[in-house]
Amino acid sequence: MPAPGRAGFEPRNAPSTAVVGGGIAGLAAATALAERGVRVTLYEREASLGGRLAGWPTVLADGSAVTMSRGFHAFFRQYYNLRGLLRRTDPALARLVPLPDYPLQHSGGARDGFARVPRTPPWSALGFVALSPTFGWRDLAAMDPRAALPLLDVRVPEVYERFDGVGAAEFLDRIRFPAAARHLAFEVFSRSFFSDPRELSAAELLLMFHIYFLGSSEGLLFDVPTEPFPQALWQPLGTYLERLGVEVRCGTAVHGVRPLPGGSLDVRTDGGASRHDAVVLALDVPGLRHVVAGSPGLGTAAWREGVAGLRTAPPFLVTRLWLDRPVHPRRPGFLGTSGFGGLDNISVLDRWEGEAARWAGRTGGSVVELHAYAVDGPAPREAVQERLVAQLREVYPETRGARVVDSRHEWRSDCPLFPVGGYGRRPAVRSPDPGVVLAGDAVRCGLPVALMERAATTGFLAANALLAGWGVRGQVLWTVPRAGRSRALRALAAVAGRS
């Protein structure tokens, strides 16, 4: 909740703030500040807004102009603050469409989904056990109940104090979580972080379990944009910000921030330096390391060392194929996969994205996207790409005879890694400099949020921190409860914890 204060600034008294980074975190911060009269300049290195959810135009071999991006993202219903940001330009969220299920398929033939799972805790977790073909009551009985009880009462930020020093895979070993269900259920969470479960902090895994099973009533169903990210989300939001008076400078990289006597700050770009009263660093890990390294007067030695020590997850690959024929009509819009080599999921974009559907309707083909997370090995990239397409043909045999009209392969390595024991070293929203705040999914946050929602929430928190210093009310925030919603399960976990 924001601190009490006045509603906003008169134009003649408004402070100037630089928001560095035009992804979700930066857009959230810029929105909260500009809506309260702050003079905002938004600096974005790339040619368009959106950060890791940006898109860009490309022309296919058949002459079609289409939009490419870094791939599928699920907008879960627990993303309260992100969805609130999107409501600025789409009050009914009409530019998001629900997918009917979150199906998961293992190479051994096992298949799970979440459409029929109850959404009210604790029946959500119990319903998954009752309905899942890979996790039955016998598996539940075989688990170590004492070791598994922390799942029933995840508390934030205490979960980091207890489990950040344990790996996600090690925690699942401790509780004797069944192997088949582990592949289909919990790897969904670890792969969401583009991370190997052996490297991922168990605290992040438990937090995800809390958010989706025992801390909320929305379940694991999600929405997707009806058009590519720029058209559906970021172009409307960019227009909204410009109407609020935000100066949006795309194609402008920031290389350093210099504190000045009196408390103002110089923001250095290729075009020179601009002076501001405050700065929001809403950057990915490589971008944040770059700016802080170029800002020798910023922060303390310990803070700078923490930023320099931030790590990125292993590379991931997004392969998009434009095929000359449709996939089987029963194929879902999204399928999570396990056991198919490096293939982690398959999306059939023409099931839900307008641009892809129009191309498929015009050509009789289909647009299919493949993801491979945590690709960390010696194989050449071309070999990994070919193997991913071969795995698609194994999962969807009807694609074996399809001709690839065109393809795009996007390799990236800029998602934050949340390693075992790393929580305490991650920077918080507030920096040692009162005029400099941080935002993004790599930033430490004491609220039960993750992934895109952590980016949006820390963006609003960064804006709120500055606004509070100026005596202005900030953005109201919503999250799932900080502890499990079931009183009975909380009591059971507490009793076990004392015994």
>> Just so I know, are the side chains of Thr312 and Leu417 near enough to count as touching, which here means a heavy-atom distance under 4.5 Å?
In response: no
> More than 12 heavy atoms of other residues, nucleotides or ligands under 6.0 Å from CZ of Arg289: is that the case?
Replying inline: yes
> Going by the salt bridge (Lys or Arg N to Asp or Glu O under 4.0 Å) test, which pairs reach into residues 301-315, not counting sequence neighbours?
Replying inline: Glu199-Arg311
>> Please check: side-chain N/O of Glu46 versus main-chain N/O of Ser48, any donor-acceptor pairing under 3.5 Å?
In response: no
>> Run the side chain to side chain contact (heavy atoms under 4.5 Å, CB included) test on Arg87 and Leu93 for me, step by step, so that the C-alpha distance in whole Å, both residues' side-chain angles and the decisive distance to 0.1 Å come before the verdict.
In response: CA-CA 6 Å; Arg87 288 184 191 276; Leu93 294 181; 3.4 Å; yes
> Heavy atoms, side chains only, cut-off 4.5 Å: are Tyr212 and Val480 in contact?
Replying inline: no
> Residues two or more places apart in sequence or in another chain: which of them pass side chain to side chain contact (heavy atoms under 4.5 Å, CB included) with Pro103?
Replying inline: Asp101, Arg111, Pro332, Leu335
>> What verdict does the side chain to side chain contact (heavy atoms under 4.5 Å, CB included) test give for Arg45 and Asp284, after you've listed the backbone C-alpha separation in whole Å, the side-chain angles of each residue and the deciding distance to 0.1 Å?
In response: CA-CA 11 Å; Arg45 176 189 60 194; Asp284 60 19; 4.2 Å; yes
> Tyr240 versus Leu237: any side-chain heavy-atom pair under 4.5 Å?
Replying inline: yes
>> Is the positively charged end of Arg6 above the ring of Phe9, judged by distance under 6.0 angstrom from the centroid and angle within 45° of the axis?
In response: yes
> So, do Asp414 and Val285 sit near enough that their side-chain heavy atoms are less than 4.5 Å apart?
Replying inline: no
> Listed by chain and number, what are the side chain to side chain contact (heavy atoms under 4.5 Å, CB included) partners of Ala30, not counting sequence neighbours?
Replying inline: Val19, Val40, Leu241
> What residues, two or more places apart in sequence or in another chain, satisfy side chain to side chain donor-acceptor pair (under 3.5 Å) together with Thr252?
Replying inline: none
> Roughly how far, to the nearest 0.5 Å, is CG of Leu27 from CG of Leu42?
Replying inline: 6.0 Å
> Is there side-chain contact between Glu247 and Arg39, with heavy atoms separated by less than 4.5 Å?
Replying inline: no
> Residues in ring-ring contact (aromatic ring centres under 6.0 Å, His included) with Tyr160, at least two apart?
Replying inline: Tyr423
>> Tell me if the CH2 atom of Trp56 is crowded by more than 12 foreign heavy atoms within 6.0 Å.
In response: yes
>> Taking side chain to side chain donor-acceptor pair (under 3.5 Å) as the definition, give me every residue that meets it alongside Arg77, ordered by chain and number, with sequence neighbours left out.
In response: Asp223
>> Listing request: all salt bridge (Lys or Arg N to Asp or Glu O under 4.0 Å) pairs with a residue in residues 449-469, at least two apart in sequence or in separate chains.
In response: Glu204-Arg454
> Minimum heavy-atom separation for Val318 to Arg70, with atom names?
Replying inline: CG2-O, 2.9 Å
>> side chain to side chain contact (heavy atoms under 4.5 Å, CB included), that's the test. Do Leu451 and Asp441 meet it? Break it down for me.
In response: CA-CA 6 Å; Leu451 305 172; Asp441 58 347; 5.8 Å; no
> Where do Leu214 and Leu151 come nearest, in terms of heavy atoms and distance?
Replying inline: CD1-O, 3.4 Å
> Can you list the steps and then say if Leu206 with Arg162 is a side chain to side chain contact (heavy atoms under 4.5 Å, CB included)?
Replying inline: CA-CA 11 Å; Leu206 269 71; Arg162 296 181 62 192; over 6 Å; no
>> Suppose we call two aromatic rings close when their centres sit under 6.0 Å apart. Are Phe76 and Phe222 close by that rule?
In response: yes
> Are the side chain of Asp164 and the backbone of Gly422 linked by a donor-acceptor contact shorter than 3.5 Å?
Replying inline: yes
Could you list the donor-acceptor pairs under 3.5 angstrom formed between side-chain atoms of residues 431-438 and any protein atom two or more places apart in sequence or on another chain?
{"unit_1": "Ser431", "atom_1": "OG", "unit_2": "Asp433", "atom_2": "N", "d": "3.1"}
{"unit_1": "Ser431", "atom_1": "OG", "unit_2": "Asp433", "atom_2": "O", "d": "3.0"}
{"unit_1": "Ser431", "atom_1": "OG", "unit_2": "Val436", "atom_2": "O", "d": "2.7"}
{"unit_1": "Asp433", "atom_1": "OD2", "unit_2": "Gly299", "atom_2": "N", "d": "2.6"}

>> Could you walk me through whether Arg320 and Ser69 satisfy the side-chain hydrogen bond (donor to acceptor under 3.5 Å, both in side chains) test, starting with their C-alpha distance in whole Å, then the side-chain angles of each, then the deciding distance to 0.1 Å, before giving a yes or no?
In response: CA-CA 9 Å; Arg320 190 174 298 181; Ser69 71; 3.2 Å; yes
> Do you know which two heavy atoms are closest between Pro150 and Ala147, and how far apart they sit?
Replying inline: CD-O, 3.1 Å
>> Once salt bridge (charged side-chain N to carboxylate O under 4.0 Å, His left out) is applied, do any residues pair with Arg430, and if so which ones, sequence neighbours excluded?
In response: none
> Any side-chain heavy atom of Leu447 sitting closer than 4.5 Å to one from Arg482?
Replying inline: yes
> What residues form a side chain to side chain donor-acceptor pair (under 3.5 Å) with Thr17, not counting sequence neighbours?
Replying inline: none
> Do Asp344 and Phe316 have side chains that get closer than 4.5 Å, going by heavy atoms?
Replying inline: no
> Between atom CG of Asn464 and atom CG of Leu33, what is the distance when rounded to the nearest 0.5 Å?
Replying inline: 8.5 Å
> When you measure from the side chain of Gln78 to the backbone N and O of Ser216, does any donor-acceptor pair fall under 3.5 Å?
Replying inline: no
> Under 3.5 Å, is there a donor-acceptor pair between the side chain of Arg351 and the main chain of Ser347?
Replying inline: no
>> Restricting to non-hydrogen atoms, name the atom on Val476 and the atom on Asn81 that form the minimum distance, rounded to 0.1 Å.
In response: O-OD1, 4.4 Å
> Do you know the tightest heavy-atom contact between Leu298 and Pro259?
Replying inline: CD1-CG, 3.9 Å
> Hey, does Arg426 have a side-chain heavy atom less than 4.5 Å from the side chain of Leu310?
Replying inline: yes
> Where the side chain of Ser16 meets the backbone of Asp277, is there a donor-acceptor pair that is under 3.5 Å apart?
Replying inline: no
>> Which heavy atom of Cys445 sits nearest to which heavy atom of Leu461, and what is that distance?
In response: SG-CD1, 3.9 Å
>> I'd like to know if the side chain of Asp266 reaches the main chain of Ala273, judged simply by a donor and an acceptor atom lying under 3.5 Å from each other, with no hydrogens or angles considered.
In response: no
>> Distance alone, cut at 3.5 Å: any donor-acceptor contact between the side chains of Tyr79 and Glu218?
In response: no
> Is the side chain of Arg198 donor-acceptor paired with the backbone N or O of Gly167 at a distance under 3.5 Å, no angle test?
Replying inline: no
>> Going by side chain to side chain donor-acceptor pair (under 3.5 Å), name the residues that satisfy it together with His255, two or more places apart in sequence or in a different chain.
In response: Asp270, His290
Donor-acceptor pairs under 3.5 Å, side chain of residues 226-235 to any protein atom, not counting sequence neighbours: which ones?
{"unit_1": "Thr226", "atom_1": "OG1", "unit_2": "Arg95", "atom_2": "O", "d": "3.4"}
{"unit_1": "Glu227", "atom_1": "OE1", "unit_2": "Glu355", "atom_2": "N", "d": "3.1"}
{"unit_1": "Glu227", "atom_1": "OE1", "unit_2": "Arg358", "atom_2": "NH2", "d": "3.1"}
{"unit_1": "Glu227", "atom_1": "OE2", "unit_2": "Arg358", "atom_2": "NH1", "d": "3.0"}
{"unit_1": "Gln231", "atom_1": "NE2", "unit_2": "Thr67", "atom_2": "OG1", "d": "3.2"}
{"unit_1": "Trp234", "atom_1": "NE1", "unit_2": "Leu53", "atom_2": "O", "d": "2.9"}

> Quick check: does any side chain N or O of His73 sit under 3.5 Å from a backbone N or O of Pro225, one acting as donor and the other as acceptor?
Replying inline: no
